[in-house]
Amino acid sequence: MGTSNWTRQTDPEPRCAFCNTPLNNGNDSKEHIIPNAIGGRKTAHNFICKKCNSRTGEKWDKELVAQLSPICTLLDIKRRRGDNQPVPVETLGGEQFLLHPDRSMVRLKPTFSERNLGNIKEINIQPRSIQELKGMLPGFKRKHPNLDIEEILKKAIPAQENLQEPIRISLEFGGDLAGRSIVKSCLSLAYQADLGIEDCEHASKYLLEDGEPCFGFYNETDVVRNRPLKVFFHCIFVCGDPESRQVLAYAEYFGYQRIVACLSSSYDGPRFSRCYAIDPLTGKELDLDIQLDFTPENIVAIYAYEKVNWDSMQMALKSLLATWRERDIKASIADAVEDALEFALANCGAQPGEELSEEQLGYIANSCWERLEPIVLHLRSSQTFSEDEIQKIELKMRKPDQDAENEGG
């Protein structure tokens with residue numbers, strides 16, 4: 001669909017779509033079409049006021065961001081403002097950690113255990129940092145006066161811990177509040193196409209009058225005709241068609257959450273389309289070819305969740321996580337090599353600028369391997385997807401029904 005230059009005759013003074021307050025440079029919120037917290041950058045001018053932006057952001061956008069924040073942290077997306085926040089994760093065995101955007105994981109609480117070995121008491125402490133260890137030791141000293149704090153700190157060495165089992169991350173999506181955020185994003189882009197709230201009656205009733213939701217999940221076909229591989233983008237797309245009298249919208253997040261909305265079924269303007277798509281990993285905008293040609297009957301079926309293949313959605317998520325796993329392994333190896341070299345050089349006995357002896361070189365080689373061996377063995381035993389498997393997953397994402405029929409036959 002082409003983009004028109006049609007401008008509807010409206011009030012020359014822009015007003016907030018939600019409260020009808022006149023907008024000016026002082027109160028125009030410059031609403032993010034896609035929330036900044038999940039990687040969006042482009043803003044909509046003359047859409048809603050700062051007060052309505054704050055109100056809807058605290059309720060609607062906050063819920064959408066909370067549902068997508070684990071993936072934002074996993075992929076460490078690029079944000080224009082603020083940082084990706086650590087997310088709580090749990091191993092299948094029940095151990096709890098905080099996963100940070102740099103891929104490091106820190107236990108939610110330090111671990112401590114004691115056991116008697118004859119006349120000796122063994123104390124096992126796993127603090128989350130040297131600073132935390134320093135804070136814990138005075139308490140142990142009071143209980144065990146013979147404890148040598150200086151000797152313990154001298155021998156304490158930061159260690160990398162490799163998890164021996166998978167982690168669980170909550171990835172819920174949907175619901176009324178998140179749905180309102182999605183429809184608001186679609187409406188904000190419609191405003192950039194010179195439509196007003198009066199031109200999008202279904203969105204208006206849903207957002208302002210607690211009407212029925214005007215969106216549903218959809219992945220029966222891929223509406224993105226030029227979908228780039230291994231780019232898990234966000235996009236908002238709106239289009240108007242005078243023949244069907246519909247203003248339709250499409251939203252996608254990280255490649256696996258795909259939503260279709262109908263903002264209006266009484267549209268009488270020219271044919272138009274607008275699209276905003278961004279790769280949240282790089283911050284680069286994308287030029288996508290999106291086609292929406294749903295009939296009103298199709299929309300009813302979409303709203304009834306009759307046009308969503310949940311297995312296909314899971315495959316799309318697996319593809320995303322497989323790519324993250326691939327990136328994580330490469331980064332983990334690079335970090336481990338750097339850590340091993342730093343540790344070996346710091347403990348080989350050589351002074352800065354001094355030529356290394358054969359004995360020191362031997363120590364460095366052995367020390368590096370001792371530090372790297374657990375990580376190498378752990379990565380070898382970790383299961384991930386091969387390139388062929390990822391490609392098969394992506395093909396199934398594109399043609400879920402056809403593949404299902406072929407497998408059934």
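Numbers here are sequence positions counted from 1.
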Please give me the minimum heavy-atom distance between [X] and [Y], naming the atom from each residue.
{"X": "G40", "Y": "H32", "result": "O-CD2, 3.7 Å"}
{"X": "C275", "Y": "I290", "result": "SG-CD1, 3.9 Å"}
{"X": "L281", "Y": "D279", "result": "N-OD1, 2.9 Å"}
{"X": "C262", "Y": "H202", "result": "O-CB, 3.4 Å"}
{"X": "P70", "Y": "V87", "result": "CA-CG1, 3.9 Å"}

Between the main-chain N or O of [Y] and the side-chain N or O of [X], is there a donor-acceptor pair closer than 3.5 Å?
{"X": "N219", "Y": "N309", "answer": "yes"}
{"X": "S367", "Y": "I364", "answer": "no"}
{"X": "H234", "Y": "F254", "answer": "yes"}
{"X": "T73", "Y": "N84", "answer": "no"}
{"X": "D28", "Y": "N25", "answer": "no"}
{"X": "D241", "Y": "D293", "answer": "no"}

For residues [X] and [Y], determine if any side-chain heavy atom of one lies less than 4.5 Å from a side-chain heavy atom of the other.
{"X": "I77", "Y": "F232", "answer": "no"}
{"X": "I197", "Y": "L207", "answer": "no"}
{"X": "S69", "Y": "Q85", "answer": "no"}
{"X": "Y303", "Y": "C214", "answer": "yes"}

Residue set satisfying salt bridge (charged side-chain N to carboxylate O under 4.0 Å, His left out) with E31, at least two apart, ordered chain then number -> K184
| query | Mind checking whether F47 and F18 have parallel, tilted or perpendicular rings, split at 30° and 60°? | reply | perpendicular
Which atom pairs, one a donor and one an acceptor, fall under 3.5 Å between side chains of residues 173-183 and the rest of the protein, sequence neighbours left out?
unit_1	atom_1	unit_2	atom_2	d
D176	OD1	R180	NE	3.3
D176	OD1	Y206	OH	3.0
D176	OD2	R180	NE	2.9
R180	NH1	Y206	O	2.7
R180	NH2	D210	OD1	3.1
S181	OG	D61	OD1	2.6

With R274 as partner, the option from L195, L189, I236 fulfilling side chain to side chain contact (heavy atoms under 4.5 Å, CB included) is L189
Here the salt bridge (Lys or Arg N to Asp or Glu O under 4.0 Å) pairs for residues 36-60, sequence neighbours left out, are none
To the nearest 0.5 Å, atom SG of C72 lies from atom OH of Y253 at 11.5 Å
Rounding to 0.5 Å, atoms CD (E90) and CZ (F97) come to a distance of 10.0 Å
